[in-house]
Protein chains: 2
Amino acid sequence: MTGKPATIKEIAKILNVSISTVSRALHKHPTIGITTQLKVQALADKLGYEPNQAAISFQKGKTYTIGVILPELSEAFFSAAVSAIEDTAYKRNYTVLLAQSHDVEEKEIQLVEKMKNSRVDGLLVSVAKTTSNFAHFDMLKRFNIPVVFFDRIPPLKNIHYVACNMETGSIEAVNYLLQKGHRSIGMINGPPNLAASGERKEGYIKAMTKNRLKFDPSLIVSCNLTEEGTKAALDSLLANKRQPTAIVTFNDYVSLYAIKHARSLKIDLDNGLQFVSYANLPIINYMDYAPVASVEQFPALQGQKAADILLDLLSRKAQSSDEAEAYYNVMVESQLIENKKRNNN
Amino acid sequence: MTGKPATIKEIAKILNVSISTVSRALHKHPTIGITTQLKVQALADKLGYEPNQAAISFQKGKTYTIGVILPELSEAFFSAAVSAIEDTAYKRNYTVLLAQSHDVEEKEIQLVEKMKNSRVDGLLVSVAKTTSNFAHFDMLKRFNIPVVFFDRIPPLKNIHYVACNMETGSIEAVNYLLQKGHRSIGMINGPPNLAASGERKEGYIKAMTKNRLKFDPSLIVSCNLTEEGTKAALDSLLANKRQPTAIVTFNDYVSLYAIKHARSLKIDLDNGLQFVSYANLPIINYMDYAPVASVEQFPALQGQKAADILLDLLSRKAQSSDEAEAYYNVMVESQLIENKKRNNN
DNA sequence: TGCTTTTTTACAAACGTTTGCGTAATGTTT
DNA sequence: AAACATTACGCAAACGTTTGTAAAAAAGCA
């Protein structure tokens with residue numbers, strides 16, 4: 001009852017059958033007679049037998065565990081993603097081993113190494129900002145451990161990934177503002193070294209040119225995402241000869257900083273200046289002055305899809321080793337969400 | 001190089017020594033001669049040998065993994081806690097297996113069961129709201145798997161836990177308002193079935209009586225934490241004969257709902273009515289109108305302490321099985337944090 | 001040199017499970 | 001009743017590592 005868990009061996013001894021018979025009976029193997037099958041099952045239940053997963057993992061060389069490596073769990077985006085990952089893994093009877101790189105390459109490398117050591121069947125990774133060398137991921141390929149990247153994708157060929165298409169959202173954002181009558185639309189972007197900044201900018205430009213508006217580079221300023229940086233960026237935009245009546249910002253936080261600053265400058269936020277941003281954090285629903293819309297990137301959906309892909313790869317691997325080597329490249333479309341709370345305020 | 005990972009056995013064969021020698025050499029066991037030690041080490045490095053964790057787990061009956069079961073990873077409180085847990089586990093060379101109960105008892109039970117099956121050395125748990133039966137935790141004790149509860153503690157004797165003392169924070173909150181000159185202080189509390197509601201209420205009462213103010217039960221109303229519920233609660237407080245000039249709310253969200261409602265009622269939030277709440281979410285720093293202060297519960301600290309305790313228990317268990325059975329009961333003091341952004345606005 | 005220590009290494013069992021193959025038991029067909 | 005097919009089960013190896021104990025080699029001492 002107490003103490004050590006029951007094993008297959010004990011069941012075998014008590015029932016005077018062989019260990020293999022018990023094992024097969026528990027798995028409902030067809031070559032086992034129905035009577036013994038039931039006998040074994042009954043005793044197993046009575047003893048509260050539970051298979052020793054460690055032994056099984058060892059034996060089969062599989063752990064039924066997927067590793068998740070991401071920069072920062074406490075960021076809303078990632079916690080939503082992991083939450084969804086865990087849920088889909090759970091449904092397929094996998095468990096999730098979690099680790100954060102804190103956006104430092106060295107730690108990411110260590111984590112990959114650690115996870116590789118037979119602990120994990122596959123890996124879900126959102127790469128660290130600082131990662132510039134990707135040998136540790138190649139290594140996984142050599143060890144036949146599948147990896148699916150999500151959100152932050154390394155610039156590699158032949159990888160599986162799911163990411164969010166920023167372009168559509170960006171275009172929607174600009175279109176939304178154009179449709180509202182704005183003609184001079186500024187952008188407070190993130191630092192140029194972030195891929196995300198590039199995507200947002202491209203979407204912006206594409207939307208402008210598609211609407212046959214000429215693109216004015218001076219209306220795009222980048223900032224370091226801090227409150228001070230945002231202030232400066234906003235000031236610079238306001239000083240522009242073609243002073244914008246609407247601004248697209250890198251994310252909701254930047255919008256909020258900018259809004260705060262604008263309010264301290266007594267700018268009319270209802271009619272004079274409107275903001276649209278990225279992320280669609282729940283927070284903006286609580287604000288009195290918030291971006292009028294925000295581009296949702298569906299972290300949960302991304303996480304779920306990435307997990308689905310990985311689990312597919314794993315089951316495929318189990319079935320046959322046909323190395324057809326197709327690579328999953330899934331793009332989740334970003335989508336502009338109007339801030340409803342804002343509008344019925 | 002590619003294909004299957006190197007094993008101790010292969011190293012042994014190449015070097016013409018026994019498997020045990022290799023094993024001991026790799027562990028720098030003193031009975032191994034220095035020369036062979038180095039030879040082994042060198043070859044291991046060359047082959048890129050990495051111990052097979054699955055085999056080790058199996059052999060030693062230890063996984064160097066701790067399980068974390070909590071209600072909802074995407075809640076800011078828990079993601080901050082897990083983040084800290086992962087960090088401290090990583091430092092001590094443990095990994096974290098993660099699972100969410102989504103606040104349903106049945107799933108929590110399944111997760112405990114799953115984690116028990118030799119997968120996990122110890123468990124960190126924040127129990128589901130609905131959990132009313134605690135047999136699954138007793139079961140862990142029988143299997144000698146230590147559990148440390150955090151934040152949401154079950155009503156059991158002889159358990160390890162770290163929780164946050166709401167009382168001090170509550171008292172601070174009320175004192176803060178009293179000191180600001182408020183004499184009629186209302187409270188919008190959570191539903192009565194939540195332990196957290198009770199704690200907040202007690203702190204409130206204690207602070208009032210300590211300041212020799214008589215406690216008026218009609219100034220405490222509970223709500224279901226929705227926007228509608230909050231509105232109703234606020235209305236009821238405002239209708240009170242002793243209309244409060246300050247209100248303590250169950251959490252930041254409730255405060256924000258209440259503030260929004262108050263603003264739509266044209267109430268002067270700078271002088272007429274002030275709010276204090278719990279959680280201290282980063283969000284309130286972005287708001288124009290926000291609670292003037294919020295009680296911080298230090299999720300990261302709680303998570304870190306819980307992990308520390310668990311890891312201590314595990315190392316203790318490894319060293320000796322002296323069942324001294326002392327139970328760790330750590331209380332983290334909550335603390336009122338003034339909303340700085342609010343004040344220099 | 002011959003003996004005892006001390007140092008160094010090898011042997012083998014154990015951890016719990018799965019699974020290929022062999023074999024005993026049962027049943028079927030003539 | 002002999003021959004065979006079928007069904008039901010047991011044997012034993014394998015997975016990679018650790019570790020107690022035995023044994024070999026080296027070193028010390030007389």
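In what follows, chains carry the letters A, B, and so on, assigned in the order in which the sequence lines appear, proteins first and then strands, with residues in each chain numbered from 1. Excluded from the calculations below are hydrogen atoms, water molecules and symmetry mates; all remaining heavy atoms, backbone and side chain alike, are included.
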Just how far, in rounded Å, is [atom2] of [N] from [atom1] of [X]?
X      : N      : atom1 : atom2 : value
A:H29  : C:dC21 : NE2   : P     : 13 Å
A:I8   : C:dT19 : CD1   : P     : 11 Å
A:E10  : C:dC15 : CD    : C1'   : 13 Å
B:N117 : C:dT17 : CG    : P     : 10 Å
B:L38  : C:dT8  : CG    : P     : 12 Å
A:E50  : C:dG16 : CD    : P     : 15 Å
A:I19  : D:dC15 : CD1   : C1'   : 15 Å
A:K62  : D:dA14 : NZ    : P     : 24 Å

Would you say [X] reaches [N]'s phosphate, i.e. side-chain N/O to OP1/OP2 under 4.0 Å?
X     : N      : result
B:S20 : C:dA10 : no
B:K9  : D:dA14 : no
A:T31 : D:dT7  : no
A:T36 : D:dC9  : yes

Worksheet, complete the sentence: Sorted by position of nearest nucleotide on DNA chain C, 5' first, the leading residue of B:K60 and B:S18 is B:S18
Discussion item. Let me spell it out: for each of A:R24 and A:I56, pick the nucleotide of DNA chain C with the closest heavy atom. Which residue's pick is nearer the 5' end?
Written reply: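 It is A:I56, whose closest nucleotide lies nearer the 5' terminus.
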Discussion item. Are D:dC15 and A:F58 stacked, with the base six-membered ring and the side-chain ring centres under 5.5 Å apart and planes under 30°?
Written reply: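 Here the ring of A:F58 and the base of D:dC15 are stacked, with centres under 5.5 Å and planes under 30°.
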Report the nucleotide, chosen from [options], that has the shortest atom-to-atom distance to any side-chain atom of [X].
X     : options               : result
B:Q59 : D:dG16, D:dC9, C:dG16 : D:dG16
A:V17 : C:dT9, D:dT17, D:dG10 : D:dG10
A:A55 : D:dG16, D:dC9, C:dT17 : C:dT17
B:T21 : D:dT19, C:dT9, C:dC15 : C:dT9

Worksheet item: Are the aromatic ring centres of B:F149 and B:Y161 under 6.0 angstrom apart?
Response: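 No, ring centres 6.0 Å or more apart.
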Salt bridge or not for [X] and [Y], using N-O below 4.0 Å?
X      : Y      : result
B:D87  : B:R92  : no
B:K305 : B:D312 : no
B:D103 : B:R152 : yes

Discussion item. Classify A:N16 by what it touches in the nucleic acid, base, sugar-phosphate, or nothing, heavy-atom distance under 4.0 Å.
Written reply: sugar-phosphate
Practice prompt. Check whether NZ of the Lys or CZ of the Arg B:K107 lies under 6.0 Å from the centre of the six-membered ring of A:Y90 and within 45 degrees of that ring's axis.
Written response: yes
